2 protein chains.
Amino acid sequence: MAKKAEQRRQQILKAAFEAVAAKGYDSVTLQDIADYAEVSKGVTNYYFKNKVDVFSHLLEWITTRIYEKEAASIELKETALEKLEAYINQVFVSPEENKTFYSVYLDYLSQMKHQERYRQINQQFYENCWSIGREIITQGLEEGVFHVEDVEQAAISIRSMIDGTLIQWLMSQDDGRHASYKSHCHQSVLRLLQASS
Amino acid sequence: MAKKAEQRRQQILKAAFEAVAAKGYDSVTLQDIADYAEVSKGVTNYYFKNKVDVFSHLLEWITTRIYEKEAASIELKETALEKLEAYINQVFVSPEENKTFYSVYLDYLSQMKHQERYRQINQQFYENCWSIGREIITQGLEEGVFHVEDVEQAAISIRSMIDGTLIQWLMSQDDGRHASYKSHCHQSVLRLLQASS
DNA sequence: CATTTTATACTGACTGGTCAAATTATTCTA
DNA sequence: TAGAATAATTTGACCAGTCAGTATAAAATG
């Protein structure tokens with residue numbers, strides 16, 4: 001039955017995610033995935049063409065999930081400023097919850113140089129992120145709270161600031177400073193969008 | 001002779017760098033390094049304790065080199081605005097020259113989760129970067145061209161913007177848009193430092 | 001000729017992927 | 001509906017290949 005098969009695939013992806021989070025992209029073996037999924041080794045090859053296929057689907061899952069959560073976070077907010085705050089809050093949601101996600105995502109970033117498929121998936125992710133940025137900026141311009149000339153460029157800048165802050169956050173080890181990175185990022189993005197120069 | 005030995009070690013590090021740039025961190029073998037250095041496999045193990053030792057020294061070399069070039073680029077400039085521009089110019093110096101460097105650096109970023117030694121080296125690198133930022137900001141404040149409350153925070157923000165832009169640049173494939181990422185980053189950082197909000 | 005340096009063969013561990021056999025689920029038939 | 005027949009799924013042993021690290025022999029050096 002197709003439903004059962006889809007469930008198995010999800011189970012394997014979840015296992016792969018946990019394995020990568022724990023051991024890092026390049027040291028995860030098919031056996032690891034099988035162990036985390038509590039199935040035998042052959043199963044992975046039964047539901048996926050090969051290892052890269054598993055990891056491609058995993059990247060798709062991760063980026064889609066990140067985007068959906070970000071998109072959902074701004075949905076209910078009214079003003080551009082509220083949306084922006086909700087957006088940043090969602091990115092830095094909590095050490096336990098998000099650190100793992102972005103840390104696995106970072107593993108993929110370095111693989112993109114050599115895996116065209118990963119790059120494509122990431123490109124889609126970027127475009128999704130940029131569209132969130134555009135939405136917030138455009139609304140802010142209408143409300144008169146932001147002042148930017150080039151919406152496209154500003155959207156890219158927002159993502160740059162988020163990515164850059166995320167990396168320093170991931171490297172910082174110190175979970176206590178988690179909140180400071182968030183407000184930090186928020187203030188910087190506000191400066192980017194509100195500067196009148 | 002100590003001099004000869006040091007030369008050999010440099011030769012091996014250079015080979016390792018080329019190998020990682022070409023094949024990616026996790027698929028480089030000791031044999032690859034030997035091949036790029038045009039020596040036999042035994043040499044690498046003679047001059048370095050093991051593979052991680054080679055790669056640790058390589059990361060140290062890369063981050064030191066990036067920092068030195070950045071520090072040198074602002075040395076000769078007079079004003080804070082000139083220094084800032086020179087700094088950003090140095091980061092986005094040219095696709096051929098720097099893309100490889102940062103692309104290898106990105107490979108390391110994802111390894112830091114599991115290699116304490118790498119994290120330490122990177123921490124030193126960050127502190128060097130922050131110190132460059134601080135220097136530029138402090139001078140800009142004195143000259144009255146920048147307006148920020150917290151110098152430390154602003155320095156971190158600059159690096160966030162640079163790192164974030166670098167990543168999107170590395171992923172963009174399109175070398176033609178290289179210049180636009182540079183001016184892009186420059187304008188954003190200016191906005192961060194000059195905003196009067 | 002003694003020491004340092006380089007080359008090479010080897011080992012033991014591990015990997016991704018294959019596959020035939022075992023197991024389980026589903027369908028068919030009498 | 002019992003039970004055989006068929007299909008789908010799961011298992012784990014296996015293979016061919018790769019790797020880091022070691023041991024040792026050979027060569028260079030001074």
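Remember, predicted model here, so these are calculated numbers, not experimental data. Within every chain, numbering begins at 1; the chains are lettered A, B, ... in the order of the sequence lines, protein sequences first and strands thereafter.
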With distance as the sole criterion, do the side chain of K41(B) and the base of dA7(C) form a donor-acceptor contact below 3.5 Å? no

Can you measure I33(A) atom CD1 to dG17(C) atom P for me and round it to whole angstrom units? 10 Å

For residues F125(A) and Y67(A), report the shortest heavy-atom separation together with the two atoms involved. CE1-N, 4.2 Å

Distance check needed: dT9(D) P versus Q11(A) CD, whole Å only. 14 Å

Let me know the distance between OH of Y47(B) and P of dT6(C), rounded to the nearest Å. 4 Å

Once you round it to whole Å, what is the distance between C1' of dG17(C) and CZ of F48(A)? 16 Å

Between dT15(C), dG12(D), dG21(D), which one does the side chain of N50(B) approach most closely? dG21(D)

Is a side-chain donor-acceptor pair under 3.5 Å present for D26(A) with Q111(B)? yes

Distance check needed: dA7(C) P versus E38(B) CD, whole Å only. 11 Å

Axial cation check for F48(A) ring with R9(A), 6.0 Å and 45° limits: yes

Could you please name the option among dG16(C), dC19(D), dT4(C) that lies closest to any side-chain atom of L30(A)? dG16(C)

Checking Q124(B) against E60(B): is there a side-chain donor and acceptor pair closer than 3.5 Å? no

